[in-house]
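Worksheet for the structure shown next.
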There are 2 protein chains.
Amino acid sequence: MELTLKNQLKRFEDACRSQGLRLTPQRLEIFKKLAQATDHPTAEKLYHRLMERMPTLSLDTVYRTLGTFAEMGLISKIETIESQAHFEVLDVQHHHLICEQCKKIIDFEWKQVDDATLPDEIQSLGRFERKTVVVYGTCQECLE
Amino acid sequence: MELTLKNQLKRFEDACRSQGLRLTPQRLEIFKKLAQATDHPTAEKLYHRLMERMPTLSLDTVYRTLGTFAEMGLISKIETIESQAHFEVLDVQHHHLICEQCKKIIDFEWKQVDDATLPDEIQSLGRFERKTVVVYGTCQECLE
DNA sequence: ATAACTGCAAACTATTTGCGTTGTC
DNA sequence: GACAACGCAAATAGTTTGCAGTTAT
């Protein structure tokens with residue numbers, strides 16, 4: 001069900017090209033690292049992971065680049081309780097569990113909600129589409 | 001369906017008492033102002049509104065107090081796209097529409113989701129309970 | 001060639017904290 | 001009267017921005 005890294009990279013390159021964005025090594029590495037990540041890293045986490053291969057990379061470039069990607073609709077910023085923003089490459093529609101103890105973010109799918117239509121009253125309030133569910137609680141590890 | 005201000009204040013005072021928190025004028029005013037607010041103000045917004053009646057109030061007290069209330073479970077911090085946190089007094093279970101243009105937050109009820117049980121796979125991941133839906137889009141005003 | 005992108009340093013915004021004073025219980 | 005909570009000022013964390021040099025197209 002998941003997209004392969006290869007497909008994601010292709011999609012990434014196409015998106016850059018179609019939006020007239022330059023394909024720089026930094027952008028490529030940042031995208032690749034985020035696509036491979038299974039957790040939902042913050043800009044800072046991602047930056048540290050990238051440092052190994054790209055010692056000259058700067059944190060501001062990571063921030064700037066993630067911002068660009070988010071605007072392009074290639075990745076999304078995840079809302080959390082903390083102040084730090086978390087990021088993920090857009091994949092299949094999914095929702096998030098957030099552990100209030102360790103702040104871990106876990107993806108899950110919930111077709112029932114994906115397919116549900118929003119209450120009618122909303123029609124008059126504007127045009128609303130993308131819906132995500134956030135469920136708060138405590139993860140298995142923290143329970144032990 | 002909404003709780004009256006009076007009831008909310010009662011609940012507030014009880015909560016303070018039962019948790020051994022002192023009932024200071026600042027706390028009372030902050031809670032009252034937030035309970036009356038129909039938008040979902042940030043700490044800063046709330047602070048400015050309170051300044052009229054309590055010119056000596058400080059912004060850090062507002063932050064500190066909102067933090068305390070949230071820990072007590074009296075109010076909740078709303079996740080948004082922006083960096084600034086928004087707050088609301090806990091009322092009936094509801095969800096949020098967020099306008100991506102003007103960042104407005106609109107409450108709505110969606111019983112269908114409230115009553116839905118989470119997918120089974122989640123059982124093994126931990127204990128997760130409170131679920132909220134966030135729907136992104138554009139509000140009526142911004143569409144015009 | 002040239003406009004976009006990067007890295008650096010400095011700025012900024014939201015929020016938190018230490019400390020001496022004040023006010024509630 | 002004791003101790004929690006306040007107001008002040010200063011610190012911090014996360015993120016953004018201006019600028020000069022570099023690089024992809």
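Sequence lines set the chain letters: A, B, ... in the order given, protein chains first and strands last, and positions in each chain run from 1.
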Given the structure, check if the side chain of B:Arg64 and the base of D:dA5 hold any donor-acceptor pair shorter than 3.5 Å.
no

Within-4.5 Å side-chain heavy-atom neighbours: A:Glu88 and A:Ser76
yes

Taking for each residue the nucleotide of DNA chain D with the nearest heavy atom, is it A:Lys77 or B:Thr24 whose nucleotide lies nearer the 5' end?
B:Thr24

Please tell me which of the listed nucleotides, C:dT16, D:dA5, C:dG7, lies nearest to the side chain of B:Tyr63?
C:dT16

Listed once per pair and sorted, the salt bridge (charged side-chain N to carboxylate O under 4.0 Å, His left out) pairs that draw on residues 122-136 of chain A, sequence neighbours left out
A:Arg130-B:Glu100

On DNA chain C, check which nucleotide each of A:Leu21 and B:Gln84 is closest to and give me the residue with the more 5' one.
A:Leu21

If I take atom CG in residue B:Leu59 and atom P in nucleotide D:dA10, what distance separates them, rounded to the nearest angstrom?
16 Å

Euclidean distance, atom CD of residue B:Glu71 to atom C1' of D:dA4 [Å, nearest integer]:
15 Å

Identify whether any heavy atom of B:Thr42 sits under 4.0 Å from a base atom; if not, whether one sits that close to sugar-phosphate; answer base, sugar-phosphate or nothing.
nothing

Distance below 4.0 Å between B:Thr61 side-chain N/O and D:dG7 OP1 or OP2
yes

Any donor-acceptor pair under 3.5 Å between the side chain of A:Arg22 and the base of C:dA4?
yes

Determine whether B:Met54 and B:Leu34 fall in the same hydrophobic cluster, where Ile, Leu, Val, Met, Phe, Trp and Tyr are linked whenever their side-chain heavy atoms lie under 4.5 Å apart.
yes

Parallel, tilted or perpendicular: which describes the rings of B:His94 and B:His96, with under 30° parallel and over 60° perpendicular?
perpendicular

Polar side-chain contact A:Asp60-C:dC8 base: donor and acceptor under 3.5 Å
yes

